[in-house]
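These numbers were taken from a predicted model, which means no experiment stands behind them. Throughout, a chain's letter reflects where its sequence line sits, starting with A, and its residues are numbered from 1.
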Number of protein chains: 2
Amino acid sequence: MNARVECPTCPTKQCFVQQHCTPEWIQIINRSKEQTVYQKGQLLFREGDRVSGLYFVQNGKVKVVSNGLNDKEHIVRLANDGYVIGHCAVAGESYPVGAIALEDTVACFLSNELLKSAYLENPTFTLAFMFYYSAELRKMESRLKYVAQMSIREKVAEALLYLHDIFGVSDTDQILSVTMSRQELADLVGTNAEQVTRQLSLFQDEKIITKQGKDLQLLRIDLLRKMVDSYRHGVK
Amino acid sequence: MNARVECPTCPTKQCFVQQHCTPEWIQIINRSKEQTVYQKGQLLFREGDRVSGLYFVQNGKVKVVSNGLNDKEHIVRLANDGYVIGHCAVAGESYPVGAIALEDTVACFLSNELLKSAYLENPTFTLAFMFYYSAELRKMESRLKYVAQMSIREKVAEALLYLHDIFGVSDTDQILSVTMSRQELADLVGTNAEQVTRQLSLFQDEKIITKQGKDLQLLRIDLLRKMVDSYRHGVK
DNA sequence: AAAGTTTCCTGCGAAAACGCAGCTCCCGAA
DNA sequence: TTCGGGAGCTGCGTTTTCGCAGGAAACTTT
């Protein structure tokens, strides 16, 4: 097993703790945090569990899912290194979603009690969270619009761009840094695996993407973006 | 015209300013705020405008919209008394959405500069915003799931429940406190006016709702909730 | 390398959603 | 009371999406 990562020397620099807490608080949080290694496919928490704190992704990839109709799961959002999972909650609330590791992942758990004190003694920490949630809200509103009005073709394009935004691509050959099954992609955009497959095949015919084994290479991100952008500006 | 409403005596008790700022800060904000009366249909701000602060709805109803394909507008969210509109933004950002009064509305505008000082000197004010945005984010994630996977029937049911949650109904006869056109309902759920009309007619046939002139009376909220809940728990 | 398992691909009929077109109803103005 | 305009309603043909089913490909296990 890997050694525990200590906050003061954590390489995940975008973590709010490192960015916005005083050195003393970084030490306090480091002592109190619960660091866990999750295997691919393992649950960080389950839908319905009592919310008792927040998870900070130190290293890895996580999907946040919610169960819909017919055991169909809906991917609510995806998280990469430095992202926060779980919402700040008032006492007694339970998660409306579950979180599952997409690959081996290290996450740090901070309890609500600890966070509460940290909020009050690190004003910019709180402010950072406020801005973070506000920004996430905006992104979500944006996605809502897409999912509500776009065709399957546009939805799949949007999903690829979303993966690109969150996880990025390899520097050299534009291969998406995350591997998702057709079903997972479908769960992300709200359709079924067949439609996703069909659309990806079409994109491949059009030389917009190429399949490299299980991975996807984005040849023409500009065209993908155009599909969604033309939409965004009301001109098709 | 109506007289200006002063913060210390404002009847909208759920406003964050009144709830979480010190008396001195309530005075400061009261002096600095810009209070405006918007006529029904008037814009608070336009999509693309530079973000320079937040709008607090003192009294009225507002829809936050974003333009999609073919001039189709998408209603991102609805706001009632005490709700906050506009996100906290980093410098230079512009609104991805516009806001339009659904009926005559009084809103107070606070500039980013003022808010910044208020945040730093009223810790619980900041914390309240953080929780607010977090809660809104959760709601939005939930709506995203619905909109992504539900049938038109379920979407319309969800929309009625959403209106019920935000604006409520008259105490005596369960008539929705807000009047929206078929087109606006369609913009809310991401479909077209015809489907909404059809579905509302079906609901009326099933004695789930009744039309009272332009208004809707919700006879069986339990059945509407069941449509969405059964969905939520994966059992149809 | 062969067998087994899982994921992916694709054709096709069924179902849902769309959107036009024509009609009715409601409300305000003359 | 009548007229005109706008919103709402609904029938129907078209398009899109769905989802099953059968086969191909890829990955695992022995």
Check DNA chain D against residues 204-216 of chain A and give the residues with a non-hydrogen atom under 4.0 Å, in numerical order. none
Using 0.5 Å steps for rounding, measure from the CD1 atom of A:I221 to the CG atom of A:L160. 9.5 Å
For DNA chain C, determine which residues of residues 189-201 of chain B have any heavy atom closer than 4.0 angstrom to one of its atoms, and list them numerically. B:T191, B:N192, B:E194, B:Q195, B:R198
Give the rounded distance in Å between these two atoms: [atom1] of [X] and [atom2] of [N].
X      : N      : atom1 : atom2 : value
B:E184 : D:dG8  : CD    : C1'   : 14 Å
B:I152 : D:dT15 : CD1   : P     : 19 Å
B:K72  : C:dC18 : NZ    : P     : 7 Å
B:R182 : C:dT24 : CZ    : C1'   : 14 Å
B:Q183 : D:dA7  : CD    : C1'   : 11 Å
B:R153 : C:dA15 : CZ    : C1'   : 16 Å

Taking atom [atom1] of [X] as the centre, does the number of heavy atoms from other residues, nucleotides or ligands within less than 6.0 Å exceed 12?
X      : atom1 : value
B:K40  : NZ    : no
B:K207 : NZ    : no
B:D171 : CG    : no

What N/O pairs connect the protein and nucleotides 4-6 of chain D at under 3.5 Å? Give each pair on its own line.
none

Heavy-atom donor-acceptor pair, B:D222 side chain to B:R225 backbone, under 3.5 Å: no
Donor-acceptor pair, A:K214 side chain versus A:K211 backbone, under 3.5 Å? no
Pair A:E141 + A:R138, salt bridge at N-O below 4.0 Å: no
With a 4.0 Å cut-off on N to O distance, would you call B:E184 and B:K61 a salt bridge? no
Name all residues meeting the side chain to side chain donor-acceptor pair (under 3.5 Å) criterion together with A:D215; count only those two or more places apart in sequence or in a different chain, and write none if there are none. A:T179
Five pairs at each end of the helix from C:dA1-D:dT30 to C:dA30-D:dT1: take the axis at both ends and give me the angle between them to 10°. 40°
Describe, in one word, how the ring planes of A:Y38 and A:Y55 are oriented to each other, choosing from parallel (under 30°), tilted (30 to 60°) and perpendicular (over 60°). perpendicular
The criterion is ring pair (Phe, Tyr, Trp, His ring centres under 6.0 Å); which residues satisfy it with B:Y132, sequence neighbours excluded? B:F16
Check each of B:D81, B:N59, B:V62, B:I100 against B:T105 using the side chain to side chain contact (heavy atoms under 4.5 Å, CB included) test, and report the only one that passes. B:V62
Under a 3.5 Å threshold, yes or no: a donor from one side chain and an acceptor from the other, between B:S151 and B:E154? yes
